[in-house]
There are 2 protein chains.
Amino acid sequence: MTERRDLAAMLQPLVKSLIAAELRVLEEHGISMWSYVVLSALDDSPIRTQAALAEAIGADKTRIISTLDRLQEAGLISRQPDPEDRRARLLAITQDGRSARRAAQADIQANEDRVLAALSAADRQAFLRAAQALSAIPHEEIVG
Amino acid sequence: MTERRDLAAMLQPLVKSLIAAELRVLEEHGISMWSYVVLSALDDSPIRTQAALAEAIGADKTRIISTLDRLQEAGLISRQPDPEDRRARLLAITQDGRSARRAAQADIQANEDRVLAALSAADRQAFLRAAQALSAIPHEEIVG
DNA sequence: TATTGTTATACTCTATAACTATA
DNA sequence: TATAGTTATAGAGTATAACAATA
């Protein structure tokens, strides 16, 4: 392999910029990054409890509570006590939540597509394929 | 473009894992992430003042001072008053600093190569080429 | 006693402001 | 007065610990 910059040194500023762009879009849609992450997780696959949600998005369970409060207040998620285990709160995205998430995602990916247009079609496809593959590698396997 | 996950959502956990791996390697070498960033910047191109260094690595000037203190104490950089402007401190990496940086970088990239081996040779080359190209896009152009 | 969700506290990291010494 | 470097302070974000309710 020919000489190259560190992977993290290349990707970290890129990710930082992408997140900044995403925050700007989300602000227009009136939702925070944590809200978007939560809505996306609940939209992509059903998650029953708050602990499972926190685990799924790699957050601390204490960190998502205020986010869930706001999402519930805005009618973007529902949060009901589980009749079978009244300690737990059953989480679900609402139709409004789904709409909000998908509208935001469309704008976010439109901007990402604009950035990706800097690449050739072949490199763009390979880059997305590689990003997908690398993101599927477990944390522990990368840290070693 | 076919349906895909958000770019930031794919790359951010990857970068986080790469940084965790890097931190582990750096710990073995006895240097902090900020020290490594500073050494890399000074090794790659001469930088005269602390303000210019902070600017180059995207850090606050107040944030690098303790790092510079430690690097100087360890003999990895030199920091001398500029005779022509005694307010400024001329920075330079020492031979020991260069050795430390390059030894650390070799281990870091060896681990990155291990991760990149999950890709086909063609995708790996395209991914690195794309990462290089995308990381060269100015922050403002991505944020829009 | 163990677990879910919650609140309160402490800690880390970063940014802002104030200071000194030179110019 | 303006700038390079430094120190001190404050703020945001996160993690840790303690708590109430239920199992």
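All values below come from the heavy atoms of this structure, side chains included, with hydrogens, waters and symmetry mates left out. Residue numbers start from 1 in every chain, and the chains themselves are labelled A, B, ... in the order their sequence lines are given, proteins ahead of strands.
Atom C1' of nucleotide C:dT6 and atom CZ of A:R86 are separated by 17 Å, given to the nearest angstrom. Regarding A:E55, its CD atom lies at a distance of 15 Å from the C1' atom of C:dT3, rounded to whole Å.
Under the salt bridge (Lys or Arg N to Asp or Glu O under 4.0 Å) criterion, B:R24 pairs with no residue, sequence neighbours left out. Scored by the side chain to side chain contact (heavy atoms under 4.5 Å, CB included) test, B:A88 finds B:T49, B:D82 as partners (sequence neighbours excluded).
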I'd like to compare against my own output: the B/S/- annotation of nucleotides 5-14 of chain D with a strict under-4.0 Å heavy-atom distance to protein. BBB------S
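The list of side-chain hydrogen bond (donor to acceptor under 3.5 Å, both in side chains) pairs with a residue in residues 95-104 of chain A, not counting sequence neighbours, reads A:S40-A:R101, A:D43-A:R98, A:D43-A:R101, A:D43-A:R102, A:D44-A:R101. Residue pairs that meet the ring pair (Phe, Tyr, Trp, His ring centres under 6.0 Å) test with at least one member in residues 93-130 of chain A, sequence neighbours left out, are A:F127-B:F127. Among residues at least two apart or in separate chains, there is no ring pair (Phe, Tyr, Trp, His ring centres under 6.0 Å) pair with a member in residues 73-116 of chain B. Pairs engaging residues 80-103 of chain B under the ring pair (Phe, Tyr, Trp, His ring centres under 6.0 Å) rule: none recorded [sequence neighbours left out]. For residues 16-35 of chain A, there are no ring pair (Phe, Tyr, Trp, His ring centres under 6.0 Å) pairs, not counting sequence neighbours.
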Cut-off 3.5 Å, no hydrogens considered: what does the side-chain donor-acceptor table look like for residues 7-19 of chain A, sequence neighbours left out?
| unit_1 | atom_1 | unit_2 | atom_2 | d |
| --- | --- | --- | --- | --- |
| A:S17 | OG | A:P13 | O | 3.1 |
| A:S17 | OG | B:H139 | ND1 | 2.8 |

What side-chain donor-acceptor pairs closer than 3.5 Å can you find for residues 52-67 of chain A, not counting sequence neighbours?
| unit_1 | atom_1 | unit_2 | atom_2 | d |
| --- | --- | --- | --- | --- |
| A:D60 | OD1 | A:T62 | N | 3.0 |
| A:D60 | OD1 | A:T62 | OG1 | 2.8 |

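A heavy atom closer than 4.0 Å to some atom of DNA chain C occurs in no member of residues 10-22 of chain B.
For the helix from C:dT1-D:dA23 to C:dA23-D:dT1, the terminal axes (five pairs an end, C1' atoms, rotation from four pairs onto the next four) enclose an angle of 20°, given to 10 degrees.
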Could you walk me through whether B:S135 and A:R5 satisfy the side-chain hydrogen bond (donor to acceptor under 3.5 Å, both in side chains) test, starting with their C-alpha distance in whole Å, then the side-chain angles of each, then the deciding distance to 0.1 Å, before giving a yes or no? CA-CA 11 Å; B:S135 73; A:R5 292 171 59 203; 3.2 Å; yes
